[in-house]
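Below is one structure; the comments refer to it alone.
Counting convention: from 1, in listed order, for ligands and their atoms alike.
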Amino acid sequence: MTAKTHQNEWYADGLPFQCMECGGCCTGAPGFVWFTAEEGRAMAEALDMTEAAFHRMFAHMFGKRWSLKERKTQHGLDCVLLDRETVPGKAVCRVYAARPAQCRTWPFWPENLRSPETWRQAAKQCPGINQGNVVPIEQIRIQRDATPE
Ligand code: SF4
């Protein structure tokens with residue numbers, strides 16, 4: 001992602017965001033949660049598993065890339081690592097500290113930041129958007145530019 005791609009930073013003053021731990025971004029229609037080999041090792045370690053066991057239980061390969069599995073729940077297709085039981089009323093990630101870049105960079109993905117309208121659309125899925133403290137442009141850029149393609 002080049003700086004040129006992002007000349008129109010309508011969010012130059014930052015954007016408010018605070019995660020509500022609702023799990024909305026970890027469920028819904030079928031999708032992919034891509035992760036690198038290094039991220040896979042970190043998630044396996046966080047779960048105290050071998051990398052092979054982690055892949056077997058929680059991941060599948062598409063082409064040459066790994067993605068986390070999904071499981072059907074009343075909320076839609078949940079990420080297999082989403083835990084709705086441990087904390088009542090919350091949906092938390094089982095590997096939060098080791099979550100892959102695709103999750104870490106939400107909601108500051110390039111497609112959400114394209115315009116105020118795409119940001120509003122993303123807010124329909126994520127109640128944390130436009131809540132809490134303003135995330136400064138410098139941090140938004142770091143997350144935006146770290147979003148995997
Ligand atoms: S949808 Fe938004 S508020 Fe809900 S868990 Fe995801 S980031 Fe947090």
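What sits closest to atom 5 (S) of ligand 1 on the protein, heavy atoms only, is Gly23 N, 3.1 Å. With respect to atom 4 (Fe) of ligand 1, the closest heavy atom belonging to the protein is Cys22 SG, 2.3 Å. Closest to atom 3 (S) of ligand 1 among all protein heavy atoms lies Met20 N, 3.1 Å.
Hydrophobic clustering (side-chain heavy atoms under 4.5 Å, transitive across Ile, Leu, Val, Met, Phe, Trp, Tyr) groups Trp10 together with Phe17.
Cation-pi geometry between Arg65 and Phe62 is not met: the NZ or CZ atom fails to fall both under 6.0 Å from the ring centre and inside 45° of the normal.
Those atoms of ligand 1 that come under 4.0 Å of a heavy atom in Gly24, given as number and element, are 1 (S), 4 (Fe). For ligand 1 and Gly128, the ligand atoms under 4.0 Å from any heavy atom of the residue are 3 (S). Counting the atoms of ligand 1 from 1 in the order shown, those under 4.0 Å from a heavy atom of Cys126 are 1 (S), 2 (Fe), 3 (S), 7 (S).
Of the options Cys25, Cys19, Pro127, Ala122, the smallest heavy-atom separation from atom 6 (Fe) of ligand 1 is shown by Cys25.
Annotation: Glu117, atom CD; neighbour count of heavy atoms from other residues, nucleotides and ligands within 6.0 Å is above 12.
The ring of His60 has its center no closer than 6.0 angstrom to the ring center of Trp66.
When each of Val33, Leu68, Leu81, Val95 is checked for a side-chain contact (heavy atoms from CB on, under 4.5 Å) with Cys103, only Val33 meets the rule.
Between Arg104 and Glu39 there is no salt bridge, since no side-chain N of the basic residue sits under 4.0 Å from a carboxylate O of the acidic one.
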